[in-house]
Amino acid sequence: AVLTFMSIPIGLVFGYGLGAFLIHALETEHQRLPFALGLPTYGFAVAVTLLASLVSGLIVRRRLDRLDLIEVLKTRA
């Protein structure tokens, strides 16, 4: 969770830069695309990232709760 919260601002900055670079790289004499990135886009990206992180954390937690520690400790490598 800490790593996710630390990486969100960095990802937003890199995402903005990548989007601006791609729009500039795809620009030709005959075709231009506007670079329109607003707050709803950032909000959606953050929400999806947090939701995916939460779901994956819950899946790991569920598997750990079902783990039989006695059997794991008895297993020989």
Side-chain angles (χ1 to χ4, degrees):
V2 172
L3 186 61
T4 301
F5 283 115
M6 287 174 42
S7 64
I8 285 177
I10 296 168
L12 292 176
V13 170
F14 279 124
Y16 183 89
L18 180 63
F21 171 75
L22 287 175
I23 289 296
H24 180 71
L26 295 174
E27 190 175 291
T28 64
E29 278 185 34
H30 303 290
Q31 176 181 347
R32 285 193 184 172
L33 299 172
F35 183 63
L37 191 63
L39 286 178
T41 306
Y42 279 120
F44 181 73
V46 169
V48 168
T49 302
L50 291 176
L51 182 65
S53 177
L54 177 68
V55 169
S56 66
L58 290 174
I59 290 171
V60 170
R61 175 64 189 224
R62 183 173 174 216
R63 287 187 173 189
L64 284 175
D65 287 342
R66 290 182 173 189
L67 194 63
D68 185 13
L69 292 178
I70 303 297
E71 287 298 319
V72 170
L73 291 174
K74 287 181 182 178
T75 304
R76 294 184 183 209

Problem set entry | Asp65 side chain reached by Arg61 side chain, heavy atoms, under 4.5 Å | yes

Exercise. Looking only at heavy atoms, which two atoms of Ile23 and Pro34 are closest? And how far apart?
Worked result: CD1-O, 4.3 Å

Seminar exercise, completed: d(Ile8 CD1, Leu12 CG) to nearest 0.5 Å is 7.0 Å

For this session: Measure centre to centre between the rings of Phe35 and Tyr16, then say whether the value is under 6.0 Å.
Result: yes

For this session: To the nearest 0.5 Å, tell me how far Leu54 CG sits from Thr49 OG1.
Result: 12.5 Å

Exercise. Same cluster or not: are Phe14 and Leu50 linked, directly or through other Ile, Leu, Val, Met, Phe, Trp or Tyr residues, by side-chain heavy atoms under 4.5 angstrom apart?
Worked result: no

Exercise. When you look at CZ of Phe5, are more than 12 heavy atoms from neighbouring residues, nucleotides or ligands closer to it than 6.0 Å?
Worked result: no

For this session: Working to the nearest 0.5 Å, report the span between CZ of Arg32 and NE2 of His24.
Result: 10.5 Å

Exercise. If you count the non-hydrogen atoms of other residues, nucleotides and ligands that lie under 6.0 Å from CG in Leu26, is the total more than 12?
Worked result: yes

Exercise. Heavy-atom count around Leu39 CG within 6.0 Å, excluding the residue itself: above 12?
Worked result: no

